[in-house]
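Read through the structure below, which is laid out as structure tokens, and then see the notes.
Everything quoted here is computed from the prediction, not taken from an experiment. Here is the naming used below: chain letters follow the sequence lines, and residue numbers restart at 1 for every chain.
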2 protein chains.
Amino acid sequence: MTTIIAVDTLIFMFNTEDGMILEKKKAFNEFAQSKGLRSTRQRDIILDIFLSTHQHVSVEDLYLKVKASHPGIGYATVYRTLKLFSEAGLAREILLHDGQTRYEHVLAGEHHDHLVCTGCNAIIEFEDETIEKLQDEIAARHGFLIRRHKLELYGLCARCRNIG
Amino acid sequence: MTTIIAVDTLIFMFNTEDGMILEKKKAFNEFAQSKGLRSTRQRDIILDIFLSTHQHVSVEDLYLKVKASHPGIGYATVYRTLKLFSEAGLAREILLHDGQTRYEHVLAGEHHDHLVCTGCNAIIEFEDETIEKLQDEIAARHGFLIRRHKLELYGLCARCRNIG
DNA sequence: AGTAATGTGAAATTGAATATCAAAAGCAGA
DNA sequence: TCTGCTTTTGATATTCAATTTCACATTACT
Ligand SMILES: [Mn+2]
Ligand SMILES: [Mn+2]
Ligand SMILES: [Zn+2]
Ligand SMILES: [Zn+2]
């Protein structure tokens, strides 16, 4: 009986946003433990606030958001903590054309690339398995071992095409 | 007779590196004229030296190369002149992961993407028509009009895989 | 509590891109 | 060739995000 309830709860957890959040908190705690990092109030707060965001946030973006409720937390801490999140595998650094590093959530095992509207800065995510395969073939042809790639399509979104 | 010789010479010219160089010098002169730019000793020198390079050069790279034979020429001039080359269509700016802008030669109508070795910084150029088509399809599916794209594959080249 | 190691926040530094500005050079006419 | 106007140059300053520094605070552990 107890066991069945536990399993149900677990499945439910991982299928909701709250579940994702718990999952990521756990992932970060495990990472911190494995690296011998100490647990601090600041990291907890920054993690909570990062997990509450839904877009691609810059350090500055997140810093301002954090400062709103916790004015004592400094820019450097937010900066360092976002780097940690990315090392821990729960965030990914992305560098688009505007020269500002942004962080986005990484969902376990998921990968995507970006369509960027240069008119309104909208970012659309996409995946294309065929392109990924072709990339591997190109790499293989040149004896390369690919670690990561960057594919960004810049242009105007439907709305900006009409307005512009 | 004269005409035939001229045609032969022209064909020959465009099939050699010297021909490319002449072609690009002409292209830049035409651009300069159309923009009302003045002809200067510095621009001639910088163009010559840029055309003599074969890799993807940063402003700093080219500046050092220029300074070696012409110590009087300043960084700002090299910087501005490379921008001009790119406006004139004979160079292209590329921004790889290391956050340093580089310039490469643009061959008429040609496009390519880059395979970058993070071990030795080697850069290999490639083209893949299928990938380009798939990109267009993705864009169309989202109502986007693509202006440019960036596709970079980062990893280790054959040599660095063995050494590393 | 005591101690050593780690984390924090304000400020400083870095590094590349770009702007500024006085002096030098190019250019069209006289 | 000289003149006067405009552009270009070169040294330097500025900008701006990323990153480092360091004195002080906090944590983990005994
Ligand atoms: Mn994304
Ligand atoms: Mn190239
Ligand atoms: Zn748009
Ligand atoms: Zn290599």
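Residues A:Leu151 and A:Asp113 approach most closely at O-CB, 3.3 Å, considering heavy atoms. Nearest heavy atoms, A:Ile73 versus A:Tyr63: O-CE1, 3.5 Å.
Few gaps surround NZ on B:Lys150; more than 12 heavy atoms of other groups in view lie less than 6.0 Å from it. Heavy-atom contacts from other residues, nucleotides or ligands closer than 6.0 Å to CD of B:Glu93 number more than 12. Within a 6.0 Å sphere centred on CZ of A:Arg161, other residues, nucleotides and ligands contribute more than 12 heavy atoms.
If you check every strand for non-hydrogen atoms under 4.0 Å, A:Gly36 touches nothing.
Centroid-to-centroid, the aromatic rings of A:Phe50 and A:Phe85 come within less than 6.0 Å.
Side chain to side chain, B:His114 and B:Glu152 fail the donor-acceptor criterion of an N or O pair below 3.5 Å. Between A:Glu110 and A:His105, the side chains place no donor N or O within less than 3.5 Å of an acceptor N or O (distance only, hydrogens not considered).
With A:His111 as the partner, the side chain to side chain donor-acceptor pair (under 3.5 Å) test is satisfied by one option alone out of A:Glu132, A:Glu127, A:Glu125: A:Glu132.
Along DNA chain C, the stretch of nucleotides lying under 4.0 Å from any heavy atom of chain A spans, 5' to 3', C:dA5 to C:dA10.
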Collect all protein-nucleotide pairs involving nucleotides 23-28 of chain D in which both atoms are nitrogen or oxygen and the distance is under 3.5 Å.
unit_1	atom_1	unit_2	atom_2	d
D:dT27	O2	A:Arg38	NH1	2.8

Restricting both atoms to N or O, compile the protein contacts to nucleotides 16-21 of chain D shorter than 3.5 Å, with distance only.
unit_1	atom_1	unit_2	atom_2	d
D:dA18	OP1	A:Thr101	N	3.0
D:dA18	OP1	A:Thr101	OG1	2.8
D:dT19	OP2	A:Tyr79	OH	2.7
D:dT19	OP2	A:Lys83	NZ	3.2
D:dT19	O5'	A:Tyr79	OH	2.8
D:dT21	O4	A:Arg80	NH1	3.4

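Geometric assessment of B:Arg147 against the ring of A:Tyr154 yields a negative cation-pi assignment under the 6.0 Å and 45° thresholds.
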